Q: 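The structure's right below; bear with me while I get my questions together.
Fair warning: this is a prediction, and the values are worked out from it, not measured in the lab. Proteins come first, then strands; the chains are lettered A, B, ... in the order of their sequence lines, and each starts at number 1. Quick note: numbers below take in every heavy atom, side chains included, and nothing from hydrogens, waters or symmetry partners.
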Amino acid sequence: MGISLKEVSYSYNPKRKGTKYALKNVSLEINERDEMIAIIGESGSGKSTLVSLFNALKIPTLGEANVMGITIKKIRKRKENYNSIRKHVGLVFQFSDYQLFEETVLNDVMFAPMNFGYKKEEAKEIAIKALNLVGIDESFYEKSPFQLSGGEKKIVSIAGILAMEPDILVFDEPTAGLDPETKKKMIELFRVLNRDLHKTVVFITHDMNIVMEYAKRVIVVADRTIKYDGTKEELFLNHLDIVKDAHIDYPDTFIISKMINEKLNKNINQLLESKEELLEELLKDE
Amino acid sequence: MLIEVLNLVYKYEDETVNALDGVSFNIDKGEWVSLIGHNGSGKSTLSKLLIGILSAKEGTIKIDGLALNEENIYEIRKKIGIVYQNPDNQFVATSIEDDIAFGLENLEVNPQEMEKKIDDALNLVGMIEYKYEMPSNLSGGEKQRAAIASILAMEPDILILDESTSMLDPKGREDFINVVKSLKEKGKTIIMITHNMDEALLSDRCIVLYNGKIIRDGKTLDVLLDYDCLAKSSLEMPTSLYLFHELKKNNYKNKEVLNLLWELASKK
Ligand SMILES: Nc1ncnc2c1ncn2[C@@H]1O[C@H](COP(=O)(O)OP(=O)(O)OP(=O)(O)O)[C@@H](O)[C@H]1O
Ligand SMILES: Nc1ncnc2c1ncn2[C@@H]1O[C@H](COP(=O)(O)OP(=O)(O)OP(=O)(O)O)[C@@H](O)[C@H]1O
Ligand SMILES: [Mg+2]
Ligand SMILES: [Mg+2]
């Protein structure tokens, strides 16, 4: 179960002559439990396209996807099955404006549970729980989602997915536009979902500090295909070429400890996961 | 003073609290100012007041000596360009080329120069191959770069960038920062709204908004070392400054390491 892509290619306009593929020949397996995956890579490399295959929002142009036991490929008759996929795989879009549509914040977050057949009171309870988790208080419930600041929209759209209670949660740049404290809070929440509730969490990000601190597995998308799928340690330590070609960067802790090691002839671990760990290490080293 | 803001108050319709509540500051020509603060603190609202798409309930704004009012608004819009937080709100045309051309036509740029200005701007952000593309067919980072290009082409004296790098990849971000640095060298004035503290670190000055009020306005390094202010505002220190600050607090003695971190934090 989980998500499996077999030699999938995707084109936004497959009928056009000489069409360009946004994704080419991608194969990938994601378990339905316990994964914490960061998807990184150059702008325009195909990350958003890739994750929209995870919940059948897009259908492979070539190849096939299998999500929670349901095969998704170009020619098929019974479309209704895809709805059940959406119950298992929740996707937060890169742009919250495409996600939010109800008249009030509360209704927006209640939409998924209502859609899944919960009674109104139950749906409301679930929605309020989700809004509490992301830190949106009651004063926002009756506001229109379109009268929120950029960051507020983002966290409401995250709450909308939490309220779906899916097994696999996929976030397309969930921390873009969040202030540093809220960013930390969101990603810590993802960690709790993964560690304590055994959810699979997949997130796209350009923030290497988050990758270093939170990801258990890293997928690098470059040139419209998957160029790397493995640990962050291996990536940052041994794949200079990929880091460079994919327009990614190194985490702050890596850059700073490397610089200290080289210039001051020290031997500090370059793969520390957070700035707090690096601080501790420096204090110990003294 | 190029920008003079006095006692601005703004309240959205139906709201009970002011989104901006008595905001005053001045900005000199050639300054690079970061506008930082928690989500919902009023940064985008302030930027919209500065270009006159929202109008203040109280208070005044002067740009280059001109009061911002209905009479002067078109004159002022020639001097000031904004990249919106959401690039989808920026696009007016159905191709990137036309979108940039639209802005230039408003400035009455002569048609012979137009093509070159469009190409130059697209090259600056690495988007030339998308010149004829529809904005809706772009990825997030591509949209953001196209939106930036349409403002760069107009070469305004004042640039307001509302989280314009939030979806750029590390390389795109670096390229863009270099563009901003060169604009500053040309004497342009930059107001950069950002949640990226490394980006804020590059500016000359930081203004911190908190619930619609300015709670701190000072030299960048002073502000970014002000732990209490940052904590209150949901902000953080850039990693190099964080390590420097915490090591000192813990009586750490190795001067070489401290110097290295300080250099890293204060180099521009
Ligand atoms: N609706 C669309 N129609 C046509 N082409 C598209 C469409 N959406 C995206 N593309 C193209 O497909 C490619 C992959 O886009 P995608 O959105 O997956 O990139 P991404 O890796 O998410 O980039 P970013 O980091 O900038 O968000 C890009 O070259 C983009 O221009
Ligand atoms: N159209 C609107 N109607 C009513 N309230 C609004 C509207 N737009 C914004 N607000 C509210 O005004 C306050 C300031 O919003 P603003 O968009 O200026 O914040 P911001 O500092 O830009 O935040 P962010 O970092 O999240 O983009 C917020 O509390 C927000 O909910
Ligand atoms: Mg994307
Ligand atoms: Mg904003």
Q: Would you find a donor on one side and an acceptor on the other, under 3.5 Å apart, between the side chain of B:Ser34 and the backbone of B:Cys206?
A: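 Not at all, since once roles are kept as given, no pair shorter than 3.5 Å links the two residues.
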Q: Against chain B, label A:Lys275 side chain, backbone, both or neither, depending on which of its atoms sit under 4.5 Å from a heavy atom there.
A: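 It is both, since atoms from each part get that close.
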Q: Need one label for B:Ser166: side chain, backbone, both or neither, based on atoms under 4.5 Å from any heavy atom in chain A.
A: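 When you check distances to chain A, atoms from both the backbone and side chain of B:Ser166 fall under 4.5 Å.
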Q: Quick one: what part of A:Ser149 sits under 4.5 Å from any heavy atom of chain B, side chain, backbone, both or neither?
A: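 Looking at A:Ser149, just its side chain touches chain B.
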Q: Could you list which of residues 234-243 of chain B have a heavy atom closer than 4.5 Å to any heavy atom of chain A, in residue-number order?
A: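 The stretch touches chain A at B:Ser234, B:Leu235, B:Glu236, B:Met237, B:Thr239, B:Ser240, B:Tyr242, B:Leu243.
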Q: Do A:Lys183 and A:Asp207 meet the salt-bridge criterion of a basic N to acidic O distance under 4.0 Å?
A: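 Salt bridge: yes.
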Q: Relative to chain A, which segment of B:Arg145 carries a heavy atom at a distance below 4.5 Å: side chain, backbone, both, or neither?
A: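 Interface part for B:Arg145: side chain.
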Q: Sort A:Lys143 into side chain, backbone, both or neither according to what part of it lies under 4.5 angstrom from a heavy atom of chain B.
A: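 A:Lys143 touches chain B through side-chain heavy atoms alone.
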Q: With a 4.5 angstrom heavy-atom cut-off, could you sort out which part of B:Asp162 is near chain A: side chain, backbone, both or neither?
A: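 No part of B:Asp162 comes within 4.5 Å of chain A.
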Q: Is A:Lys266 close to chain B through its backbone or its side chain, or both, or neither, when contacts mean heavy atoms under 4.5 Å?
A: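 Only the side chain of A:Lys266 comes within 4.5 Å of chain B.
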Q: Mind ranking A:Asn13, A:Thr49, A:Leu283 by heavy-atom pairs under 4.5 Å with chain B and telling me who comes out on top?
A: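 Looking at each option in turn, the highest pair count goes to A:Leu283.
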Q: For B:Gln85, which atoms come within 4.5 Å of any heavy atom of chain A: side chain, backbone, both, or neither?
A: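 For B:Gln85, side-chain heavy atoms alone lie under 4.5 Å from chain A.
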Q: Please name the residue in the list A:Asp252, A:Ile187, A:Thr253, A:Asp249 that meets the side chain to side chain contact (heavy atoms under 4.5 Å, CB included) test with A:Asn209.
A: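 Filter result, single survivor: A:Asp252.
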Q: Among residues 124-132 of chain B, which residues come closer than 4.5 Å to chain A, judged by heavy atom distances?
A: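 Expected list: B:Tyr130.
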Q: So that I can tick it off, tell me whether A:Asp97 and A:Lys153 are bridged by a salt bridge, with the cut-off set at under 4.0 angstrom between side-chain N and carboxylate O.
A: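 A salt bridge is present here (some side-chain N lies under 4.0 Å from a carboxylate O).
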Q: Once you round to the nearest 0.5 Å, how far does CD1 of A:Ile161 lie from CG of A:Asn55?
A: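 The CD1 atom of A:Ile161 sits 8.5 Å away from the CG atom of A:Asn55.
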Q: Is chain A contacted by the side chain of B:Leu261, its backbone, both, or neither, given a heavy-atom distance below 4.5 Å?
A: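 B:Leu261 touches chain A through side-chain heavy atoms alone.
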Q: Given a strict heavy-atom distance threshold of 4.5 Å, which part of A:Leu264 is in contact with chain B: side chain, backbone, both, or neither?
A: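 For A:Leu264, side-chain heavy atoms alone lie under 4.5 Å from chain B.
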Q: Could you look at B:Ala231 and say if it's the side chain, the backbone, both or neither that has a heavy atom under 4.5 Å from chain A?
A: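 For B:Ala231, backbone heavy atoms alone lie under 4.5 Å from chain A.
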Q: Identify which part of B:Leu260 has an atom lying under 4.5 Å from any heavy atom of chain A, answering side chain, backbone, both or neither.
A: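 Its backbone and side chain both get close to chain A.
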Q: With rounding to the nearest 0.5 angstrom, report the CD1 to CG distance, B:Ile177 to B:Asp198.
A: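 Result: 9.5 Å between the selected atoms.
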Q: Tabulate, in ascending numerical order, the residues of residues 86-99 of chain B having at least one heavy atom closer than 4.5 Å to a heavy atom of chain A, or enter 'none'.
A: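 When heavy atoms of chain A are the reference, residues 86-99 of chain B contributes B:Asn86, B:Pro87, B:Asp88 within the under-4.5 Å range.
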Q: Measuring from A:Gln99:CD to A:Lys154:NZ, what's the distance to the nearest 0.5 Å?
A: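 Between atom CD of A:Gln99 and atom NZ of A:Lys154 there are 9.0 Å.
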Q: How close do A:Leu235 and A:Ile40 get, heavy atom to heavy atom, and via which atoms?
A: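 A:Leu235 and A:Ile40 have their closest heavy atoms at CD2-CD1, 4.0 Å.
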Q: Heavy-atom distance under 4.5 Å to chain A: side chain of B:Glu174, backbone, both or neither?
A: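 When you check distances to chain A, no heavy atom of B:Glu174 falls under 4.5 Å.
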Q: So A:Glu138 and A:Leu131, do their side chains get closer than 4.5 Å, heavy atoms only?
A: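 With C-beta onward as the side chain, the pair stays apart.
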Q: Do the side chain of B:Asn123 and the main chain of B:Asp119 share a donor and acceptor less than 3.5 angstrom apart?
A: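 Yes, the answer is positive, given that a donor and an acceptor are paired below the 3.5 Å cut-off.
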Q: Is it the backbone or the side chain of A:Leu178 that comes under 4.5 Å from a heavy atom of chain B, or both, or neither?
A: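 Interface part for A:Leu178: both.
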Q: For A:Tyr98, is it the side chain, the backbone, both, or neither that has a heavy atom closer than 4.5 Å to a heavy atom of chain B?
A: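 Contact with chain B: side chain only.
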Q: When you compare the side chain of B:Ile82 with that of B:Ile151, does any pair of heavy atoms fall below 4.5 Å?
A: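 No, side chains not in contact.
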Q: At under 4.5 Å between heavy atoms, what parts of residues 36-43 of chain B are in contact with chain A? List them by residue number.
A: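 Answer by number: B:Gly37, B:His38, B:Asn39, B:Gly40.
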Q: Tell me whether the rings of A:Phe254 and A:Tyr250 are parallel (<30°), tilted (30 to 60°) or perpendicular (>60°).
A: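 Rings of A:Phe254 and A:Tyr250: parallel, under 30°.
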Q: For the residue pair A:Ile158 and A:Phe171, establish whether any side-chain heavy-atom pair is separated by less than 4.5 Å.
A: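 Contact flag for A:Ile158/A:Phe171 side chains = yes.
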Q: Would you mind checking which part of A:Glu42 comes under 4.5 Å of any heavy atom in chain B, side chain (CB onward), backbone (N, CA, C, O), both or neither?
A: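 Contact with chain B involves both backbone and side-chain atoms of A:Glu42.
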